[in-house]
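Written below as structure tokens is the structure these notes are about.
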Amino acid sequence: MVFNSLIFIVFFGIVLSLHSLPFSWKMKKFNLLMASYGFYAAWNPPFVVLLWISTLVDWFAGKSIYQARRPGRKKVFIILSLSANLGLLAYFKYGGFILENLIFLLEQMNIRFQPFKPDLVLPVGISFYTFQSLSYSLDIYRGRMKPWRSFTDFAMFVTFFPQLVAGPIVRAADFLPQCEIPRKASGRQLGWGLALVTSGLFQKIILADALLAPVGDKVFGSWDQAGQWDAWLGTLAFSGQIFFDFSGYSTCAIGAALSLGFTLPDNFRSPYGAVGFRDFWQRWHISLSTWLRDYVYIPLGGNRKGEGRALANVMLTMLIGGLWHGASWRFVVWGGLHGIYLVVERRLHPVLAGFDFLERKSALFGAALLTYLLVCITYVFFRAVDFSSAFSLVTAMFAGGRSNLVTEFEAVKVLFITIVLVSTHFAMRNSSMEAVAAKFPCWLRGAILAGLLIALALAPGDDRAFIYFQF
């Protein structure tokens, strides 16, 4: 079940209706829990068992860590939590990748190894809910929170359907306290929540799928025929597609949760207006970047052990972040490029800090544009099907020949959307969608919302899954 489907609209309507009935708060939470399991089971019912495993292991580990008197015993239970969550992730997501690389290494040593290759299906959203559940036991181990009292609350935290399969990755300390007091959206919250769902669907269905995806698919699907202009336009198209696709999902998730009275954290804050790569990762997939900061970068030592160690920690964290996105060396390269950007930026910062002209708006926009274009280069490795096509497209971007894939109309379409997207993000660097919407009169907000709904109603049927479902 995906947000951009009629069955979800029916499902969500039923959930909202049940949530508005005069049931006890305990019953309403149970209804949401069952709805969340049903939402996930719509993809593949047996994989609900994996949700149960993560939930039960971390519930038990959290209590045991808190009750343990000896540090050694605490470590036993945190290792149990880590082993269960990362073990499931490693088996289903990285099992084939690990096996392929093992076979390759053995072949280099002239050792023939032909094991049975299991045909594993990647459970949708496993990277998200394992990280979310794991953060609960890690926070208890680090003394940042105590075990929660209600198992139903904790199970709902792990499985809450709006953000279950593609984030935002919510922290227990942010979500669980919301379960203590009955949650019901006010009229204003319900209206804004439904407006966010509509906006998210427009981003996904119209902007990502209908307008940008065909150009990106054409270029990345015919990479060996792409000229310089084709390579750039295909990459720009994908940069817009992945933002509108993932931001669209997050916006839908936040809106659906708000319609039920729950608050989820922002996952995007105008990332293509970022000035520099540290700024970019404070705006793009915020829930993942802060998770990696708190549970990988800081435990590695952060910047507490000297500049050299800090740079190494940044690089390792970004490599892990790249691998989190997919079981392929392409994603490792993608993460590695971002790591290199961050390291170079950190080294240059003391030098550039002395130039006053860099504070001018024109200079900031130039820096934002450079940041965006360098991020686009990394997207080639994110989107390409293999290294051959990725290297071919990067080469074409800087030394390609005549373009013959992208039509003039497609080029104008991609450039127009890109210019509007980057300019809007830069203008909204210090603002938010809600703050901007609040400045509009009611009639204009209503007209915009009506226009989005009409566009969605007229959109061609396309069942493209959200890109981040594969992670």
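In this chain, numbering begins with 1 at the start of the sequence shown. Computed from heavy atoms alone, side chains included, the values below leave out hydrogens, waters and symmetry copies. Note that this is a predicted model, so its numbers are computed, not measured.
Each of Phe280, Phe246, Tyr249 was scored for a ring pair (Phe, Tyr, Trp, His ring centres under 6.0 Å) with His285, with one residue passing: Phe246. Checked against Trp291 for a ring pair (Phe, Tyr, Trp, His ring centres under 6.0 Å), the options Tyr297, Phe131, Trp281 give a single hit: Phe131. When Phe244, Phe243, Phe365 are each tested for a ring pair (Phe, Tyr, Trp, His ring centres under 6.0 Å) with Tyr272, only one passes: Phe243.
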Query raised in the report: Hey, mind stepping through Leu323 and Phe97 against side-chain contact (heavy atoms from CB on, under 4.5 Å) and telling me if it holds?
Result: CA-CA 11 Å; Leu323 193 60; Phe97 176 70; 4.2 Å; yes
**Report entry** side-chain contact (heavy atoms from CB on, under 4.5 Å) assessment of Phe220 paired with Thr235
**Finding:** CA-CA 8 Å; Phe220 282 91; Thr235 303; 4.1 Å; yes
Report task. Begin with the C-alpha distance, continue with both residues' side-chain angles, and end with the deciding distance and a verdict on side-chain hydrogen bond (donor to acceptor under 3.5 Å, both in side chains) for Ser137 and Ser81. Result -> CA-CA 7 Å; Ser137 53; Ser81 176; 2.6 Å; yes
Requested in this report: Begin from the C-alpha positions of Tyr94 and Trp324 and carry the test ring pair (Phe, Tyr, Trp, His ring centres under 6.0 Å) through to its verdict.
Outcome: CA-CA 10 Å; Tyr94 302 105; Trp324 177 89; 9.7 Å; no
Query - Tyr341 and Thr371: CA distance, side-chain angles, deciding distance, side-chain contact (heavy atoms from CB on, under 4.5 Å) verdict - result: CA-CA 9 Å; Tyr341 291 163; Thr371 302; over 6 Å; no
**Report entry** CA sep, side-chain torsions, deciding dist, call: Leu80, Phe60, side-chain contact (heavy atoms from CB on, under 4.5 Å)
**Finding:** CA-CA 10 Å; Leu80 170 65; Phe60 170 75; 4.0 Å; yes
Query raised in the report: For Tyr141 and Phe77, what are the C-alpha separation, side-chain angles and deciding distance, and is it a ring pair (Phe, Tyr, Trp, His ring centres under 6.0 Å)?
Result: CA-CA 9 Å; Tyr141 179 75; Phe77 290 110; over 10 Å; no
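No more than 12 heavy atoms of other residues, nucleotides or ligands sit less than 6.0 Å from atom OH of Tyr66. Under a cut-off of 6.0 angstrom, the local environment of CZ in Arg293 is crowded, with over 12 non-hydrogen atoms contributed by other residues, nucleotides or ligands. The environment of Arg278 atom CZ is sparse: at most 12 non-hydrogen atoms of other residues, nucleotides or ligands sit within 6.0 angstrom. Around atom CE of Met433, no more than 12 heavy atoms belonging to other residues, nucleotides or ligands sit under 6.0 Å away. In this structure, Arg142 places its CZ atom where more than 12 heavy-atom neighbours from other residues, nucleotides or ligands lie under 6.0 Å away. Counting heavy atoms of neighbouring residues, nucleotides and ligands inside a 6.0 Å radius, atom CZ of Phe416 does not exceed 12 of them.
With contacts defined as side-chain heavy-atom distances shorter than 4.5 Å, the pair Arg183/Leu260 does not qualify. Arg383 has its side chain out of reach of Leu393: every pair of non-hydrogen atoms, C-beta onward, lies at least 4.5 Å apart. Within the 4.5 Å cutoff, no side-chain heavy atoms of Lys26 are placed close to those of Thr152. Between Arg429 and Val275, the closest side-chain pair of non-hydrogen atoms falls below 4.5 Å. Residues Arg309 and Arg304 fail the side-chain proximity criterion, which asks for heavy atoms closer than 4.5 Å. When side chains are defined from C-beta on, Ser133 does not count as touching Thr55, because their heavy atoms never get closer than 4.5 Å. Proximity of Phe238 to Leu212: side-chain heavy atoms (C-beta onward) are nowhere separated by under 4.5 Å. Side-chain contact between Asn101 and Trp329 is present, with heavy atoms from C-beta onward closer than 4.5 Å.
Asn85 and Thr130 get closest at one heavy-atom pair: OD1-O, 3.7 Å. Pairing each heavy atom of Ala310 with each of Asn303, the nearest pair is CB-CA, 3.7 Å. Closest of all the heavy-atom pairs between Gly321 and Trp334 is O-CZ3, 4.3 Å. Contact record, Asp279 with Ala274: OD2-CA, 3.3 Å, taken as the closest heavy-atom pair. The heavy-atom pair separating Val314 from Gly339 by the smallest distance is CG1-O, 4.4 Å. When every heavy atom of Thr317 is checked against every heavy atom of Leu300, the shortest pair comes out as OG1-CD1, 4.0 Å.
No donor-acceptor pair closer than 3.5 Å links the side chain of Arg269 to the backbone N or O of Arg283. With hydrogens and angles disregarded, a donor-acceptor distance shorter than 3.5 Å links the side chain of Asn267 to the backbone of Ile286. Listed for the Gln189 side chain is no donor-acceptor partner under 3.5 Å among the backbone atoms of Gly261. No donor-acceptor distance shorter than 3.5 angstrom exists from the side chain of Arg346 to the backbone of Leu311, with no hydrogens or angles considered. Looking at Ser270, its side chain never comes within 3.5 Å of a backbone N or O of Gly273 through a donor-acceptor pair. Remark: the backbone N or O of Leu176 is not paired with any side-chain donor or acceptor of Glu180 at under 3.5 angstrom. Using modelled atom types, no side-chain atom of Lys28 and backbone atom of Pro182 make a donor-acceptor pair closer than 3.5 Å. For Ser392 (side chain) and Ser388 (main-chain N/O), no donor-acceptor pair under 3.5 Å exists by modelled atom type. In terms of modelled atom types and a separation under 3.5 Å, the side chain of Thr378 and the main chain of Val375 share a donor-acceptor contact. Although no hydrogens or angles enter the test, the distance criterion places no donor-acceptor pair under 3.5 Å between the side chain of Ser199 and the main chain of Ala195.
Atom CG in Leu207 sits 4.5 Å away from atom CZ in Phe202 (nearest 0.5 Å). Taken from CG in Leu51 to OH in Tyr37, the straight-line distance is 6.5 Å, to the nearest 0.5 Å. In this structure, NE2 on His19 lies 5.5 Å from CG on Leu32, to the nearest 0.5 angstrom. One finds the CG atom of Leu211 at 11.0 Å from the CD atom of Gln241 (value rounded to the nearest 0.5 Å).
In the model, Ser239 has a side-chain atom that pairs as donor or acceptor with a side-chain atom of Tyr372 under 3.5 Å.
Taking the six-membered ring for Trp and thresholds of 30 and 60 degrees, Phe154 and Phe157 have ring planes inclined between 30 and 60 degrees apart. Between Tyr129 and Tyr40, the ring-plane angle classifies as perpendicular under the 30° and 60° cut-offs. Classification of the Trp232-Phe398 ring pair by plane angle, with boundaries at 30° and 60°, yields perpendicular. In this pair, Tyr136 and Trp59 present their aromatic rings parallel. The plane angle is below 30°, not in the 30 to 60° band.
Judged by the 6.0 Å distance and 45° axis criteria, Lys184 is not positioned over the aromatic ring of Trp25.
Between Phe331 and Phe382, the ring center distance clears the sub-6.0 Å criterion.
Salt bridge annotation for Lys204-Asp209: present, with a cationic side-chain nitrogen under 4.0 angstrom from a carboxylate oxygen.
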